[in-house]
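Read through the structure below, which is laid out as structure tokens, and then see the notes.
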Amino acid sequence: MRIIRSPATMTAWSERLRREGVTIGFVPTMGALHTGHRSLIRAARLRCDALVVSIFVNPTQFGPTEDLTRYPRTRLKDHALCRAEGVDVCFEPTSTAMYPEGFQTTVTVPSIARRWEGDARPHHFSGVATVVTKLFGIVRPHLALFGQKDFQQSMLVRQLTRDLNLGVEIIVRPTVRERDGLAMSSRNVYLSMGERAVAATLYDSLRAGAEAIRNGIVDTSAVHAIMVNTIGQEPAIRVDYLAICDPVTLDPLSLVTTKAVLLGAVRLGSIRLIDNLIVSTRSTRNR
Ligand code: AMP
């Protein structure tokens, strides 16, 4: 496996392979790789000839009070995982290489970034949109894989790739969970034992909401009450939002007639957890 730090070297590598007709797959990450990342890498490996994983803790997607400096960094373990999964290139640019002096351009996707995570983290999505656009420009992949765990982010990436004609096929893969249902995340290592013990309640709450919809409850205020009630059983958890939304527009729904995405974000001590579930009504599933 090659480790490439220079964007120019990365592009030259990809361009050479593209000329030879090689299909390039790409998994962008911020490192501290876990089984969720591994599942994206494995799914990519099956779909491409050459595979690039980027590891870049992108400063522009962190707010001033967020955890940029203490974001987990496990470089050598990450390399070992990538090697074991047959990754061809680990692309690890520096912040200065990505944002040299004089850097100006930002990419925004206003309608998607407007609410939920965008509301809670004002500059987050322009940071994500800009870095993904840059990474696509540098790596020049044919296809790129993202996790449903970050549902709003995956919608944003699909939208900007389409809007800007980036020519990358976007594949979104299911969330990988711990045994108790907690969505895997690099930040989970910061949960104390007590927090970890109750962290899966977010997933329990989404599941309770999904179950209610599958059982025929269409009024989202009733579904919401069920979700809030489940979370309320763990007083250590503070809800940022629990929402029942249209999976295409992310607008909150008042009635679930076909399909919905249940979005949740909570705080547990200093850690913020997000998760989501997509659910179809019984009538849609029986069609
Ligand atoms: P991150 O390193 O957190 O920026 O995530 C890199 C990619 O891995 C993103 O596309 C995430 O959505 C995806 N990812 C993170 N956690 C999971 C998970 N538990 N299951 C599946 N994909 C994930």
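Ligands are counted one by one from 1 in listed order, and the atoms in each one are counted from 1 as well.
Ligand 1 lies less than 4.0 angstrom from a heavy atom belonging to Pro174. Within the structure, the closest approach of Ser154 to ligand 1 does not fall below 4.0 Å when heavy atoms are considered. Contact between Arg173 and ligand 1 is absent, with no heavy atom of the residue lying under 4.0 Å from the ligand. Heavy atoms of Arg177 stay at 4.0 angstrom or farther from ligand 1.
The aromatic rings of Phe62 and Tyr71 sit perpendicular, their planes meeting at an angle over 60°, well past the 30° parallel limit. Relative ring orientation between His34 and His37 is described as tilted, the plane-to-plane angle lying within the 30° to 60° band. Using cut-offs of 30° and 60° on the angle between ring planes, the pair Phe136 and Phe26 is perpendicular.
Here atom 19 (N) of ligand 1 lies nearest to Met184 when heavy atoms of Gln148, Gln61, Met184 are compared. Here atom 23 (C) of ligand 1 lies nearest to Lys149 when heavy atoms of Gln153, Met30, Lys149 are compared. When the options Thr35, Val157, Leu40 are ranked by their closest heavy atom to atom 13 (C) of ligand 1, first place goes to Leu40.
To the nearest 0.5 Å, atoms CG (Asn215) and OG1 (Thr281) are separated by 12.0 Å. Between the OG1 atom in Thr94 and the CZ atom in Phe56 there is a gap of 7.5 Å [rounded to 0.5 Å].
The shortest N or O to N or O distance between Leu145 and ligand 1 is not under 3.5 Å. The shortest N or O to N or O distance between His37 and ligand 1 is below 3.5 Å.
Screening Gln152, Arg272, Gln153 for a side chain to side chain donor-acceptor pair (under 3.5 Å) with Glu117, the sole residue that qualifies is Arg272. Screening Arg177, Gln148, Arg207 for a side chain to side chain donor-acceptor pair (under 3.5 Å) with Asp275, the sole residue that qualifies is Arg177.
Residue Thr29 approaches ligand 1 through these ligand atoms, each under 4.0 Å from one of its heavy atoms: 2 (O), 6 (C). Each of the following atoms of ligand 1 lies closer than 4.0 Å to a heavy atom of Phe146: 10 (O). Of all atoms in ligand 1, numbered sequentially from 1 with element shown, those under 4.0 Å from a heavy atom of Pro28 are 6 (C), 7 (C). Atoms of ligand 1 found under 4.0 Å from any heavy atom of Asp150, numbered from 1 in the order shown, are 11 (C), 12 (O).
Regarding atom 20 (N) of ligand 1, its nearest protein heavy-atom neighbour is Val176 N, 2.9 Å. The nearest heavy-atom contact from the protein to atom 3 (O) of ligand 1 is Tyr71 OH, 3.9 Å. When only non-hydrogen protein atoms are considered, atom 10 (O) of ligand 1 lies nearest to Gly147 N, 2.9 Å.
Atom CZ of Arg2 has 12 or fewer heavy atoms from other residues, nucleotides or ligands within 6.0 Å. Atom NE2 of His142 has more than 12 neighbouring heavy atoms from other residues, nucleotides or ligands inside a 6.0 Å radius.
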**Prompt:** Please walk me through it: do Arg196 and Ile271 pass side-chain contact (heavy atoms from CB on, under 4.5 Å)?
**Reply:** CA-CA 11 Å; Arg196 176 63 192 85; Ile271 308 299; over 6 Å; no
